[in-house]
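Notes follow once the structure below has been shown.
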Amino acid sequence: MGKALEWEPRVGEASWWQTRQSRENLVERLLGLFTDPGAGLTRDKTRRRGLGKLLDWLEGQPGETWQDRWMASGADDAGFEWTDLPLQGLGTPKSHWRDELATGLVLLVAGQVIRPSYPWLLRQRVTVMLTESRAASDPGAFQRLEQLAQHATATARSDALNKLTWIVIRKGGLVSDITVGDCIELTAALEEHHFRGSAGRPLFYALLKETGVLPASAPLRLRALRIEGRRSVEQIVDAYGIECRPVRDLLVEYFTERAPELDHVSLRSIARNLCRLFWRDLEIHHPGIESLQLSPEVAQAWKERLAFIRDAQGHPVRPRVNFRSELVFVRAFYQDIARWAADDPARWAPWVAPCPIKANECATKKSRSGVKSRMDQRTRTQLPLLPALLRTVDRQRKDAEARITAARATPAGGRFLVAGEEFERCGSGQARRVYVTEVAAGRRRNLTHEEEAAFWSWATVEVLRHTGIRIEEMLELTHHSFIAYSLPTTGEVVPMLQVAPSKTDAERLLLVSPELAEVLTAVIFRVRAGNAALPLVSAYDVFEQTWSPSMPFCSNAGTEPRTGR
């Protein structure tokens, strides 16, 4: 909440000079910016006709400015179908009228006459609108940012420029006027409209930070604005609103003592148990309570409440599956205080009290056995399916590669066949993604995304099956994880994979088989993307809730690139 208040987006202007221009001055300015009177191009003629038709329609809408008329017309809410509104009452529209209206709107948007909302902008597929807006609003700044992002892939670079253009279109001004709040607002709009993949791409924010557009106090990474982040022990405890100050201070001291032996997520999980499920629950049902020494009746009533997941009104919804595990944390809390009191009585002895939970109440042997039994049964059931899984992911990868290779060799509008399926190649946008239309179903498909997803599915399955490492360990593999080891007996050099400590807190060295070497080589080639070395990126540790130093990670999952300077 504090983060949202600290970085507020700019408030949209109600009126600005471009939207207040008279029609005569407006047409003269826009045609001067976006057409060449001497060239006589068909595109320019279409733009003149489209601009005239659009202004004729907008003049019939209520409002003092062109922006007022645009919003009053309902076109902004209509999204992709906005051209239906100007064509109403004109009988059967000619096929080229929609194109003319769309080209006319490009001039109004790129010329800062109207500022559509993000929902409207994100529903459009008008690449020329973004290109013209960059050329008209702040061409020098966009060219500098594009040069700065040369190290990035074409997709990431185009994505970053498009996001910055959307902000300039929506908020007005120059690139140098963009704020941290504007970046947060756009990211939220992308997530709301299901552009989650694009919302997570941080290059546009990194470019603004690198060039000094954003203030020095702004976080280094966009993701730092989208996640809660690491919190102090005091912040963790105070979030639960504990009323008894002495108990609150005790809990802060307790978690401070335990923090070095726990990762941050575990610390917060235990704090949730002790602060919310235990003590805060007692305060709610027994106002004024201030001692850890609980009567049998109070302790029993608390256990009965804990045994069920409850709704906001306190009514039981379903039994709590991990009920006994929750009791373990409370019992450990009492036992830790009693043990520590022997070494530091002044600090802990005043809080020593009989534990309200008996050892047999925490017995989890039976439940653990049940969990292991279910896991073993699942393994027995799914292991025979492994060969089928391997064949499937390999086939999907090869099919995806075949489709995108054939599509790249086909000009826009051309058709090609792959594995009995017929496709029609769509035109390429600035992002250089390959789109096709599946002729039989009439469905538009993003072959670039399909090929990327198929490759990483195959690579993930292969790495996990050849190494047996955990997913967390796989995501932490870097180029430094590959080492050459000389056998002491023969001197033969063999490739080894160094697995960083994770759950077992023990570093391991694994022999890289020829099959695994082939997979890892393909992964490195993919991540390198034609560069001499793997890019340096920072990864977010979800358990410690901290960012790693910039390293050559072998996976793009959970990472953020540097701008390259």
Side-chain angles (χ1 to χ4, degrees), residues 231-262 264-371:
R231 304 172 71 189
S232 67
V233 172
E234 290 81 0
Q235 290 174 322
I236 293 172
V237 174
D238 289 341
Y240 296 102
I242 293 175
E243 296 176 355
C244 180
R245 187 70 185 186
V247 173
R248 177 264 180 199
D249 294 341
L250 169 68
L251 289 167
V252 169
E253 285 192 77
Y254 177 75
F255 290 121
T256 302
E257 191 76 19
R258 293 205 58 188
E261 66 187 38
L262 299 170
H264 197 67
V265 169
S266 298
L267 181 68
R268 294 180 65 167
S269 176
I270 298 174
R272 166 189 166 275
N273 181 285
L274 295 181
C275 296
R276 183 169 76 86
L277 298 181
F278 175 57
W279 188 257
R280 184 60 189 143
D281 180 85
L282 290 174
E283 285 188 333
I284 292 172
H285 292 89
H286 306 280
I289 188 171
E290 55 184 17
S291 172
L292 296 183
Q293 187 164 347
L294 308 181
S295 66
E297 295 78 13
V298 170
Q300 184 60 34
W302 167 72
K303 294 173 193 175
E304 291 174 358
R305 292 192 298 271
L306 183 67
F308 290 88
I309 301 291
R310 298 176 181 272
D311 58 22
Q313 289 72 40
H315 302 130
V317 177
R318 63 182 183 276
R320 191 182 298 274
V321 175
N322 58 341
F323 168 64
R324 292 182 181 274
S325 299
E326 305 287 7
L327 293 178
V328 169
F329 293 118
V330 178
R331 180 174 171 82
F333 174 56
Y334 276 83
Q335 291 179 332
D336 287 340
I337 291 177
R339 188 173 67 255
W340 296 343
D343 298 326
D344 190 355
R347 184 180 180 189
W348 302 106
W351 292 101
V352 174
C355 181
I357 302 168
K358 299 178 182 179
N360 62 348
E361 292 179 295
C362 298
T364 58
K365 181 178 179 181
K366 184 176 181 180
S367 60
R368 286 200 305 268
S369 298
V371 170

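Remember, predicted model here, so these are calculated numbers, not experimental data.
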Taking the side chain as C-beta and beyond, is there a heavy-atom pair between [X] and [Y] under 4.5 Å?
X    : Y    : answer
W351 : V247 : yes
W340 : R347 : no
V330 : L306 : no
E257 : D344 : no
W302 : L294 : no
F333 : L250 : yes
L292 : W279 : yes
I270 : F255 : yes

Rounded distance [0.5 Å steps], [atom1] in [X] versus [atom2] in [Y]:
X    : Y    : atom1 : atom2 : answer
I309 : R318 : CD1   : CZ    : 5.0 Å
R276 : I284 : CZ    : CD1   : 9.5 Å
R320 : R310 : CZ    : CZ    : 8.5 Å
E253 : R258 : CD    : CZ    : 15.0 Å
W348 : D336 : CH2   : CG    : 9.0 Å
L267 : E261 : CG    : CD    : 9.5 Å

If we ignore hydrogens and angles and just use 3.5 Å, is the side chain of [X] paired with the main-chain N or O of [Y] as donor and acceptor?
X    : Y    : answer
H264 : R231 : yes
E283 : I242 : no
R268 : I236 : no
H286 : L282 : no
T256 : V252 : yes

Could you go through R272 and Y240, starting from their C-alpha distance and side-chain angles, then the distance that decides it, and tell me whether this counts as side-chain contact (heavy atoms from CB on, under 4.5 Å)? CA-CA 8 Å; R272 166 189 166 275; Y240 296 102; 3.3 Å; yes
Assess whether atom CD of E234 is packed by more than 12 heavy atoms of other residues, nucleotides or ligands within 6.0 Å.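 For E234, atom CD is crowded (more than 12 foreign heavy atoms under 6.0 Å).
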For I289 against C244, the heavy-atom pair lying closest together: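 Answer, listing the atom of I289 first, then C244: O-CB, 4.0 Å.
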Looking only at heavy atoms, which two atoms of P345 and P350 are closest? And how far apart?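 Looks like O-CD, 3.6 Å.
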Verdict with supporting geometry, R280 and E243, salt bridge (charged side-chain N to carboxylate O under 4.0 Å, His left out): CA-CA 8 Å; R280 184 60 189 143; E243 296 176 355; 3.5 Å; yes
Name the orientation class of the two ring planes belonging to Y334 and F278 (parallel below 30°, tilted from 30 to 60°, perpendicular beyond 60°).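 Taking F278 first and then Y334, their aromatic rings stand perpendicular (interplane angle over 60°).
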State plainly whether the residues K303 and E361 are in salt-bridge range, i.e. N to O under 4.0 Å.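 Looking at E361 together with K303, the answer is yes, because their closest N to O distance falls below 4.0 Å.
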Step-by-step side-chain contact (heavy atoms from CB on, under 4.5 Å) determination, F329 to L277: CA-CA 11 Å; F329 293 118; L277 298 181; over 6 Å; no
